Amino acid sequence: MTERLELSVPRKDDGALLHAIVSHPETARHLGPRDGMAGHFQRFSRNAGSWWLYGYGAFTMRLRDSGDVIGNCGVFHSWRGLGEDFDDRPEAGWILRHDQVGLGLAREAMVAALEWFDRTQGARSIVCMVAPANTASLRLAARLGFAEMRTALLPDGDPVKLFARTGREAAAAD
């Protein structure tokens with residue numbers, strides 16, 4: 001929990017709410033091609049599997065004052081086919097509902113999520129990826145202590161910037 005947010009392990013009913021968030025054109029423009037509810041269900045289930053298999057995953061973000069679901073954030077385990085320096089590692093990510101962008105909520109949530117991860121999993125290397133045009137997320141990644149590693153191509157051919165945050169950077173990030 002943060003000052004403005006409740007972070008919780010996803011529940012079954014969160015799937016449709018999160019799908020509505022990632023389907024909005026303002027949010028979807030930074031997420032690459034989407035394949036409808038079927039593809040979203042696979043990603044949502046992969047996140048649930050991360051909690052089950054690794055003991056960590058993305059949290060559902062809710063506003064404390066209303067309970068509204070406004071996105072997800074956290075560290076999950078994924079395998080994206082982007083190389084040995086990225087795959088099979090804890091991956092950070094954040095997605096925020098379009099009308100909540102620019103309020104500092106993603107940073108507030110990710111600081112709490114990364115602190116939780118470091119406390120429960122140990123301060124260790126974490127990767128993340130950001131679309132090159134997503135300047136707000138590029139700035140946030142830097143503020144969270146992520147350093148750019150390289151640019152890669154996703155399976156659909158879209159470029160993505162890859163970042164890493166070591167255990168030492170994790171301990172030093174504000």
Side-chain angles (χ1 to χ4, degrees), residues 1-15 17-18 21-22 30-32 40-64 69-97 100 104-131 134 136-152 154-155 160-174:
M1 190 158 325
T2 72
E3 180 181 333
R4 299 178 288 172
L5 300 168
E6 174 189 328
L7 304 178
S8 61
V9 174
R11 300 184 282 253
K12 182 178 78 165
D13 294 342
D14 294 342
L17 299 169
L18 292 168
I21 291 169
V22 300
H30 294 302
L31 300 177
H40 174 75
F41 180 79
Q42 288 177 339
R43 285 183 297 280
F44 187 75
S45 296
R46 179 178 59 204
N47 184 44
S50 180
W51 279 106
W52 182 259
L53 296 173
Y54 296 95
Y56 58 89
F59 295 101
T60 298
M61 299 166 55
R62 289 179 171 76
L63 292 173
R64 284 182 65 186
V69 171
I70 62 162
N72 68 356
C73 73
V75 180
F76 53 93
H77 206 90
S78 190
W79 195 294
R80 297 185 183 270
L82 296 175
E84 289 183 20
D85 60 346
F86 195 87
D87 291 338
D88 198 24
R89 300 182 189 280
E91 179 182 342
W94 51 91
I95 299 174
L96 200 58
R97 197 171 72 195
Q100 301 296 310
L105 293 168
R107 182 174 188 271
E108 181 178 326
M110 282 306 299
V111 166
L114 290 168
E115 286 174 354
W116 175 88
F117 182 86
D118 291 344
R119 187 174 59 255
T120 63
Q121 306 298 314
R124 57 195 247 215
S125 180
I126 302 170
V127 297
C128 74
M129 65 180 194
V130 179
N134 191 342
S137 283
L138 292 170
R139 282 192 307 270
L140 179 56
R143 287 190 77 188
L144 295 171
F146 288 91
E148 187 171 347
M149 298 178 348
R150 62 185 171 89
T151 299
L154 294 172
V160 65
K161 291 185 178 283
L162 304 182
F163 298 83
R165 179 180 189 255
T166 67
R168 285 186 306 278
E169 290 162 333
D174 64 335

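Only a predicted model underlies this, so the values are computations on that prediction, with no experimental measurement involved. Hydrogens, waters and symmetry mates play no part in the numbers below; they use all other heavy atoms, side chains included.
Summarising the geometry, atom CD belonging to E115 is positioned 11.5 Å from atom OG1 belonging to T120; distances are rounded to the nearest 0.5 Å. How far NE2 of H77 is from CZ of R46: 11.0 Å, rounded to the nearest 0.5 Å. We find the OG-CG distance between S78 and D88 to be 10.0 Å, quoted to the nearest 0.5 Å. For the atom pair M1 CE and E6 CD, the distance stands at 5.0 Å (nearest 0.5 Å). Between the CD1 atom of I95 and the CD1 atom of I70 there is a distance of 12.5 Å, given to the nearest 0.5 Å. Of the inter-residue distances, the one linking M129 atom CE with T151 atom OG1 reads 12.5 Å to the nearest 0.5 angstrom.
The two residues A92 and I126 have their closest heavy-atom pair at N-CG2, 3.6 Å. The two residues L96 and A106 make their nearest non-hydrogen contact at CD2-N, 4.0 Å. When every heavy atom of M149 is checked against every heavy atom of A164, the shortest pair comes out as SD-CB, 3.3 Å. Here the shortest heavy-atom pairing between L162 and A152 reads CD1-CB, 3.7 Å. Between E91 and F86, the shortest heavy-atom distance links the atoms OE1-CE2, 3.7 Å. Summarising the geometry of M110 relative to G93, their closest heavy-atom pair is SD-O, 3.5 Å, with the distance given to 0.1 Å.
Here the side chain of S137 pairs no donor or acceptor atom with the backbone of V130 at under 3.5 angstrom. Between the side chain of R165 and the backbone N or O of A147 there is no donor-acceptor pair closer than 3.5 Å. W51 places a side-chain N or O within 3.5 Å of a backbone atom of A58 that can act as its donor or acceptor partner. In this structure a side-chain-to-backbone donor-acceptor pair under 3.5 Å is present from D87 to L82.
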Evaluation steps, side-chain contact (heavy atoms from CB on, under 4.5 Å), between F163 and L138 = CA-CA 10 Å; F163 298 83; L138 292 170; 3.6 Å; yes
Item to check | Derivation of the side-chain contact (heavy atoms from CB on, under 4.5 Å) call for K161 and N134 | outcome: CA-CA 10 Å; K161 291 185 178 283; N134 191 342; over 6 Å; no
Exercise. Stepwise, does the side-chain contact (heavy atoms from CB on, under 4.5 Å) test hold for W116 with Y56?
Worked result: CA-CA 10 Å; W116 175 88; Y56 58 89; 3.8 Å; yes
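In this structure, the side chains of R4 and R64 stay at 4.5 Å or more apart for every pair of heavy atoms. For the pair R62 and S8, the minimum side-chain heavy-atom distance is below 4.5 Å. Side-chain contact check for F117 versus P90: some heavy-atom pair is nearer than 4.5 Å. Between P10 and N72 the shortest side-chain heavy-atom distance does not fall below 4.5 Å.
A salt bridge is defined here as a Lys NZ or Arg NE, NH1 or NH2 lying under 4.0 Å from an Asp or Glu carboxylate O, and R150 with D85 meets this definition.
Aromatic rings of F59 and W94 (six-membered ring for Trp) have centroids beyond the 6.0 Å cut-off, not under it.
Between the side chains of R11 and T60, not a single donor N or O lies within less than 3.5 Å of an accepting N or O.
Scanning for side chain to side chain donor-acceptor pair (under 3.5 Å) contacts around T2 gives E108, with sequence neighbours left out.
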